[in-house]
Amino acid sequence: MTHPDASSDPVAFPPTLWAVADLHAAVRANRKRLAEITPRHPDDWLIVAGDVAERTDLIASVLSELRSRFSQVIWVPGNHELFCRSTDSHVGRAKYDSLVQLCREIDVLTPEDSFPVFGDTTIVPLFTLYDYSFRPAGMGVEEALDAAAQKNVVLADEIAIAPFTDIRAWCWDRLAYSITRLSRVNGPTVLINHWPLVQEPTLRLGLPEIALWCGTRHTRHWPRRYRAKAVVYGHLHMPDESEFDGVVHHEVSLGYPREWTRYDEDRVWPCPILELADDGTGTMTARTARRQRGRGMP
C-alpha cells in the first residue's frame, strides 16, 4: 500500500480531491494511520465517507485534525456515527442533527450544506441509509431479516440504530430529500455516500446476508441520472474500483487492522478521485486523478 508524498513540491502536483472512509479511529492502530492522510497541494480537498468513530468527541477530534490539513473537508455519516445508547443525550435522528452542527462548528461540510464545486464538478455528499432492499428476489423484509438471524448474521445497527428510529422511513425521507437537492444541480458531479449506491459490490460479500444493511435499490440509477464522474463510498471494507453503467465507483475504506494489513502493497490510499487541470482557456476542470505512487507504507 502506498500513499501520497506530502513532502513533494506542491507545484509538481495539481490540486486533488482525495477520499477515505471507515477510519474507525477508536482502534489504536487505525488512529496512528491518520498521520498518512495529508495533502500534496495547499488546495487539496478530502472526502471522509463515514464511519470515523462512534463517540462524538472522537469524531470531532478526527475531523478537526483533518480539516487543519486540507483546504476543504466533506463528511457523510456512516452507520457507526449513528450508534446510540439509551443514556445518550442525542439518539436517532437527533444524533445526526447534532453531528451536522458539530461539523459546522469546525468548518466541515455535510449533506445538509450547499454543495461545493471542485473545478467544474459539483461534489454531492449524500446520506441515504438502507432499507433492507438489497435482499433476495421474492423475499420480504421480515423474512429476509429472520433468515439472516437464523444464520447469526445481524449487524450492530439492529441494537444501536434501529431501536431509536424507523430506519426504513428515515431512509425514504432521505431519498426524497436528496432527489430534490440533486434535481437542482447542473453539470457533472461526484456522488458521495457511506453505503454503496448500487447492489453489485455487495454480491462479493463473504456473508451475503450483510447486504441487507448496505444500501437501497432506489439509488441504482442516480450515478447516470446525475452525471456522476465518480461515486465514492465505503462500508464494505473491500477497497475496490469498479465501473457500473459507465461510472467508476470507488470503495475507499480503511477498515480494521486485520483487513488493511491484507491489502495489496500497490494500493494508493487515500484514494485520489479528481485533480484540477487548465483546459487551455484559463478555466479549471476536474479530471480523473492519476494514481501517483508515494512513500511506501509498512
Side-chain angles (χ1 to χ4, degrees), residues 1 3-4 6-7 16-113 116 123 125-127 156-157 160-161 164 192-195 232-235 237 239 252-261 269-271 273 295 297-298:
M1 185 188 290
H3 73 103
S7 65
T16 301
L17 174 67
W18 302 91
V20 297
D22 297 80
L23 299 177
H24 295 289
V27 178
R28 182 176 300 178
N30 283 24
R31 192 73 173 88
K32 295 178 180 178
R33 297 288 303 273
L34 296 182
E36 300 162 19
I37 307 174
T38 54
R40 294 182 312 198
H41 188 284
D43 294 329
D44 280 0
W45 289 18
L46 178 68
I47 292 166
V48 182
D51 279 6
V52 174
E54 295 79 21
R55 298 195 333 264
T56 298
D57 60 331
L58 184 53
I59 295 168
S61 174
V62 170
L63 291 178
S64 294
E65 180 179 337
L66 296 174
R67 180 65 184 89
S68 71
R69 302 175 193 166
F70 286 84
S71 177
Q72 185 64 263
V73 172
I74 303 157
W75 166 83
V76 299
N79 52 314
H80 280 251
E81 281 100 338
L82 303 176
F83 282 2
C84 300
R85 299 168 298 178
S86 59
T87 55
D88 289 345
S89 56
H90 300 288
V91 299
R93 299 191 187 204
K95 174 72 178 292
Y96 172 63
D97 293 340
S98 71
L99 291 172
V100 169
Q101 182 57 39
L102 179 156
C103 285
R104 287 175 172 167
E105 292 171 0
I106 59 176
D107 194 28
V108 169
L109 295 179
T110 77
E112 308 311 305
D113 297 309
I123 311 303
L126 298 166
F127 170 39
D157 300 27
I161 304 177
F164 303 101
I192 308 161
N193 200 44
H194 177 65
W195 298 268
V232 174
Y233 69 101
H235 190 60
H237 294 197
V252 298
S253 62
L254 176 63
Y256 296 112
R258 67 179 181 275
E259 296 163 331
W260 54 254
T261 52
W269 186 87
C271 180
I273 306 300
R295 294 193 295 268
M297 281 180 38

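In what follows, residues are counted from 1 in the order of the sequence shown. Please read these numbers as outputs of a predicted model, since none were measured by experiment.
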Please report the shortest heavy-atom distance between [X] and [Y], naming the atom on each side.
| X | Y | result |
| --- | --- | --- |
| Val232 | Ala19 | CG1-CB, 3.8 Å |
| Leu58 | Ala53 | CD2-CB, 3.7 Å |
| Phe164 | Cys84 | CE1-O, 3.5 Å |
| Phe70 | Pro39 | CZ-N, 3.6 Å |
| Val252 | Trp269 | O-NE1, 3.4 Å |
| Val76 | Asn193 | CG2-C, 4.1 Å |

Check whether any side-chain N or O of [X] sits under 3.5 Å from a backbone N or O of [Y] as a donor-acceptor pair, and report yes or no.
| X | Y | value |
| --- | --- | --- |
| Asp22 | His237 | no |
| His194 | Ala49 | yes |
| Thr261 | Pro257 | yes |
| Ser64 | Ser61 | no |
| Ser253 | Gly255 | no |
| Gln101 | Ser98 | no |
| Glu81 | Asp51 | yes |

Applying side chain to side chain contact (heavy atoms under 4.5 Å, CB included) between Asn30 and each of Leu254, Val62, Leu23, report the one that passes.
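Of the listed residues Leu254, Val62, Leu23, the side chain to side chain contact (heavy atoms under 4.5 Å, CB included) partner of Asn30 is Leu254.
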For Ile123, the option from Ile192, Leu109, Ile273 that meets side chain to side chain contact (heavy atoms under 4.5 Å, CB included):
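Output: one option passes, namely Ile192.
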According to the interplanar angle, ranging from 0 to 90°, do the rings of His235 and Trp195 count as parallel (below 30°), tilted (30 to 60°) or perpendicular (above 60°)?
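His235 vs Trp195 ring planes: tilted.
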Beyond-backbone contact of [X] with [Y], side-chain heavy atoms, under 4.5 angstrom:
| X | Y | result |
| --- | --- | --- |
| Cys271 | Val20 | no |
| Arg40 | Thr16 | yes |
| Trp18 | Ile47 | no |
| Glu54 | Leu82 | no |
| Ile74 | Val48 | no |

Side-chain donor-acceptor pair present, His90, Asp97, cut-off under 3.5 Å
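No, Asp97 and His90 have no side-chain donor paired with an acceptor closer than 3.5 Å.
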Carboxylate-amine/guanidinium contact Arg104 Asp113, below 4.0 Å:
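Salt bridge present between Arg104 and Asp113.
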Do Arg31 and Glu65 sit within salt-bridge range, that is, some charged N less than 4.0 Å from a carboxylate O?
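Here Arg31 pairs with Glu65 in a salt bridge, since their nearest N and O are under 4.0 Å apart.
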Can you name the side chain to side chain donor-acceptor pair (under 3.5 Å) partners of Arg85, sequence neighbours left out?
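By the side chain to side chain donor-acceptor pair (under 3.5 Å) rule, Arg85 matches Asp88.
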With Tyr96 via ring pair (Phe, Tyr, Trp, His ring centres under 6.0 Å) - residues at least two apart
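Phe127.
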Can you list everything that forms a salt bridge (charged side-chain N to carboxylate O under 4.0 Å, His left out) with Asp107? Sequence neighbours excluded, please.
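Salt bridge (charged side-chain N to carboxylate O under 4.0 Å, His left out) list for Asp107, sorted by chain: Arg67.
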Which distance, rounded to the nearest 0.5 Å, do you find between the [atom1] of [X] and the [atom2] of [Y]?
| X | Y | atom1 | atom2 | result |
| --- | --- | --- | --- | --- |
| Asp44 | Ile37 | CG | CD1 | 13.0 Å |
| Glu36 | Thr38 | CD | OG1 | 8.5 Å |
| Trp45 | Ser71 | CH2 | OG | 7.0 Å |
| Thr110 | Leu126 | OG1 | CG | 11.5 Å |

